Colleague: 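Let me give you the structure first, and then I'll get to my questions.
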Protein chains: 2
Amino acid sequence: MEKVTKRTTIYDLAELADASPSAVSSVLNGTWEKRRISKKLAERVLKIAEEQGYAVNVQASLLRRERSNIVGMIVPKYDNRYFGEIAEQFEVMARAKGFFPVVTCTQRDPELEFEAAKELISYQAECLISTGATDPDRISAFCSASGVQSINLDLPGKDAPSVISDNYSAAKELTKLILNRCEEELGWSGPLRFVGGRLADHNTAARLEGFMSEHRDRSISVPDSYVMATGYSAEKAAIALGSLTPDRPTGLFVNSTISLEGVVKWYSELQSGAEKVRYGCFDWDPFGAFLPGNVGMVEQDVTIMLNKAFELIGDADAPTEPILVPCRLRPFHVIA
Amino acid sequence: MEKVTKRTTIYDLAELADASPSAVSSVLNGTWEKRRISKKLAERVLKIAEEQGYAVNVQASLLRRERSNIVGMIVPKYDNRYFGEIAEQFEVMARAKGFFPVVTCTQRDPELEFEAAKELISYQAECLISTGATDPDRISAFCSASGVQSINLDLPGKDAPSVISDNYSAAKELTKLILNRCEEELGWSGPLRFVGGRLADHNTAARLEGFMSEHRDRSISVPDSYVMATGYSAEKAAIALGSLTPDRPTGLFVNSTISLEGVVKWYSELQSGAEKVRYGCFDWDPFGAFLPGNVGMVEQDVTIMLNKAFELIGDADAPTEPILVPCRLRPFHVIA
DNA sequence: GCAATTTGCTTCATCGATTGCGCAACATTG
DNA sequence: CAATGTTGCGCAATCGATGAAGCAAATTGC
């Protein structure tokens, strides 16, 4: 219609409705009854707004208001169900609580994490949730300098409240499951190998502790070479296992579904001995139950984690000690 | 430090640096050389800004500027690799082109899709990409009323340029692969069953056409009951297959990885006859290659699709005919 | 019938950043 | 030394929405 594609503003609507911009504004933001605007005018304005395809300019609105209602979240990757579910549920919960969620994916890149965090703060986010951040304390420091609350999810930080899985306990349970199944099905009692993750990463360290603790409880010693923290990459896990030929029984504790991809690739290419392999994985995938050799997976409790995180929003004196959320262990039948 | 946790503004910095807000502004947004601010003052301001943990108020900045640089995207779910990859790559590409990406996940809910689209426009998004939207034309209509460009991805719409996979050809290729493998390995020549998706959905319709066309080429007739478009749900697919016992050879064309979950569940619970089942899936998952009975998957080319979509941004006379992007067929060895 | 109240709006300053315009102070030219 | 040019910066209007304050008209109270 118009030659200029300028966005409609309340001033345009005001002219069309023969009213003042402030009346239009109060009609559109729902405060019109409080401000004693007649129903008649309100309806007229709403009708015109609809006709014109009006959408508030949030920039202008937020500039004037005190609250932005934006909660930001950074997430490393969408290549596994865990972070995907976190992002999805975060958005749902945030909307239900009247927030506007903005999620951004930072590719496990510390620089990008920090840039994205700054960007979200520039958008006046009231709270920033750093999920699985490589350097959460750097982000927390920047947030606190800007007077913005920050919360760590999945990986803990020292300078902000953290909600994380109880990695130690779940890893111990998973180790127990794999060892038990190796005994029952292969008549063999370990030690298992630990595949994937980074030792510098808190979660990997905690899981390795649980893994070791269960071995210790059974008086099984684990050779150093059995700990293969190959990072978060399928290829590296497959390469690390490459030379391993299971002429004897073999058990694997797989840390993350991305490493599981590599393990399964290795497994499927075995010439022989596959029936002597058992593994379990920390993290869940719907296809996991159907992978041969997989005895079980750990599912982290995203709903509870996010509930706890949302409870922390606005809480000035939140605990600095990480809040631990129990995981669910899902045992599978082995597919022969 | 301060008792009030007010965000630092250029006015605060101006006072600290003993300069004017406009000088501070131009230093911070990089126009200071053009505005002939001395290097000395610029460095002083930058130092103070850093000390104070200053972050621009994008709301104010965008209000004043003409461009927002925001590109919005709505995505249905993060429960499969396809949409996860789309979201990730979209963010990377958008940043590389100097945009600020905002992605939001709308749970396949038409109302939420529309609300989210409105919200993104309120944030002055310059372009909105609707991915897999249930009702893309409603979104396009609103966008065009607001003078915002909209682009459809994955599912086409009539009122905005669309970039979609060549569903027909890829489905035909996949059907061909499954039928061939059934012949080679089972000595059986179909017809296959079509499992998952919604017939009302453009992609499902196009894939079904490709499926039918390949059957027609081979003079195989497909009974109506063999088309089981059970929607995007693992349970419904599993239930639909529930009564099917493969006493004879059985071949399945699985439409979407979410339906594949149900198929694999059914498959793994078969008492007998599993060796007589072959299936293939439209959409890719890294664990797919390791699922027994799976002869191949179709991987949609996210990178090319997004490249095409980005080419459309800012293009006023973009074609209204959908742009078709070829898919990659990934054949697998069957795991016995 | 006149003051007091209520109704239904408008006016205007404001949020923080941006930018065209302009003005001193200093340097250069002839 | 006056005219002209350059450097370095400040002033003030502006973007669109908001809400406190205010004001005229309509209604009520006595």
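Note that the structure is a prediction, hence the values are computed from the model and not measured.
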Colleague: Could you tell me how far apart A:I10 (CD1) and D:dT18 (P) are, to the nearest whole angstrom?
Modeller: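 Atom CD1 in A:I10 sits about 7 Å away from atom P in D:dT18.
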Colleague: Are there runs of at least three consecutive Watson-Crick or G-U pairs touching DNA chain C, with each pair's two distances under 3.5 angstrom? Give them by first number.
Modeller: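 C:1-30 with D:1-30 - these are the stems of 3 or more pairs that involve DNA chain C.
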Colleague: Over how many whole Å does the gap from A:Q59 atom CD to C:dC15 atom C1' extend?
Modeller: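 Going from A:Q59 (CD) to C:dC15 (C1'), I get 13 Å.
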Colleague: Within the sub-3.5 Å range, which N or O atoms of nucleotides 6-10 of chain D have a protein N or O partner, and how far apart are they?
Modeller:
| unit_1 | atom_1 | unit_2 | atom_2 | d |
| --- | --- | --- | --- | --- |
| D:dG8 | N7 | B:R36 | NE | 3.2 |
| D:dG8 | N7 | B:R36 | NH2 | 3.2 |
| D:dG8 | O6 | B:R36 | NH2 | 2.9 |
| D:dC9 | OP1 | B:S38 | OG | 3.2 |
| D:dC9 | OP2 | B:S38 | N | 2.4 |
| D:dC9 | OP2 | B:S38 | OG | 2.7 |
| D:dG10 | OP1 | B:S20 | N | 3.2 |
| D:dG10 | OP2 | B:S20 | N | 2.9 |
| D:dG10 | OP2 | B:S20 | OG | 2.6 |
| D:dG10 | O6 | B:R35 | NH2 | 3.0 |

Colleague: Pairing donors with acceptors under 3.5 angstrom, does anything connect the side chains of A:E88 and B:Y78?
Modeller: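 Result is no, nothing qualifies.
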Colleague: What is the distance, to the nearest angstrom, from the CD atom on A:E33 to the P atom on D:dG19?
Modeller: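 Atom CD in A:E33 sits about 16 Å away from atom P in D:dG19.
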Colleague: Would you call B:R95-A:E119 a salt bridge at under 4.0 Å N-O?
Modeller: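 Here B:R95 pairs with A:E119 in a salt bridge, since their nearest N and O are under 4.0 Å apart.
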Colleague: Please report, rounded to the nearest Å, how far the P atom of D:dA17 is from the CG atom of A:N57.
Modeller: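 Interatomic distance, CG of A:N57 to P of D:dA17: 6 Å.
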Colleague: Just checking A:Y123 against B:F100, ring centres under 6.0 Å apart?
Modeller: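 That pair passes the under 6.0 Å test.
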Colleague: Measure from CZ on B:R65 to P on D:dA13 and round the result to the nearest Å.
Modeller: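 So the two atoms are 22 Å apart, to the nearest Å.
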Colleague: A:T9 side chain: which of C:dT14, C:dA17, D:dG16 is closest?
Modeller: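 Comparing C:dT14, C:dA17, D:dG16 against the side chain of A:T9, the answer is D:dG16.
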Colleague: Can we say A:K47 and A:E51 salt-bridge, meaning some charged N sits less than 4.0 Å from an Asp/Glu carboxylate O?
Modeller: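 Here A:K47 pairs with A:E51 in a salt bridge, since their nearest N and O are under 4.0 Å apart.
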Colleague: Take atom CH2 of A:W32 and atom C1' of C:dT10, then tell me their distance rounded to the nearest Å.
Modeller: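 Taking CH2 of A:W32 and C1' of C:dT10, I get 18 Å after rounding.
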Colleague: Report yes if at least one side-chain N or O of B:N29 is closer than 4.0 Å to OP1 or OP2 of C:dT18; otherwise report no.
Modeller: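 The answer is yes; a side-chain N or O of B:N29 sits under 4.0 Å from OP1 or OP2.
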Colleague: Salt bridge check: are A:R138 and A:E111 linked by an N-O gap of less than 4.0 Å?
Modeller: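 A salt bridge links A:R138 with A:E111.
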Colleague: For the pair made of CG in B:L28 and P in C:dT18, what is the distance, rounded to whole Å?
Modeller: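 To the nearest whole Å, that distance equals 8 Å.
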Colleague: Roughly how many Å is it from CG in B:L63 to C1' in D:dC15, rounded to a whole number?
Modeller: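 Taking atom C1' of D:dC15 as the reference, CG of B:L63 is at 4 Å.
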Colleague: Relative to the ring of B:F142, is the ring of B:F114 parallel (under 30°), tilted (30 to 60°) or perpendicular (over 60°)?
Modeller: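 Aromatic pair B:F114/B:F142 classed perpendicular.
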Colleague: Return yes when atom CD of B:E15 has more than 12 non-hydrogen atoms of other residues, nucleotides or ligands closer than 6.0 Å, and no otherwise.
Modeller: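 No, CD of B:E15 has 12 or fewer neighbouring heavy atoms, counting only those of other groups under 6.0 Å.
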Colleague: OP1, OP2 of D:dT18 versus side-chain N and O of A:Y11: anything below 4.0 Å?
Modeller: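 Checking D:dT18 against A:Y11, no side-chain N or O comes under 4.0 Å of OP1 or OP2.
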Colleague: Which residue, A:L120, A:I70, A:I313, forms the side chain to side chain contact (heavy atoms under 4.5 Å, CB included) with A:C127?
Modeller: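 Testing A:C127 for a side chain to side chain contact (heavy atoms under 4.5 Å, CB included) against A:L120, A:I70, A:I313 leaves exactly one candidate, A:I313.
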Colleague: Does the pair B:K77/A:E85 count as a salt bridge with the N-to-O cut at 4.0 Å?
Modeller: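 Result for this pair is no, no salt bridge flagged.
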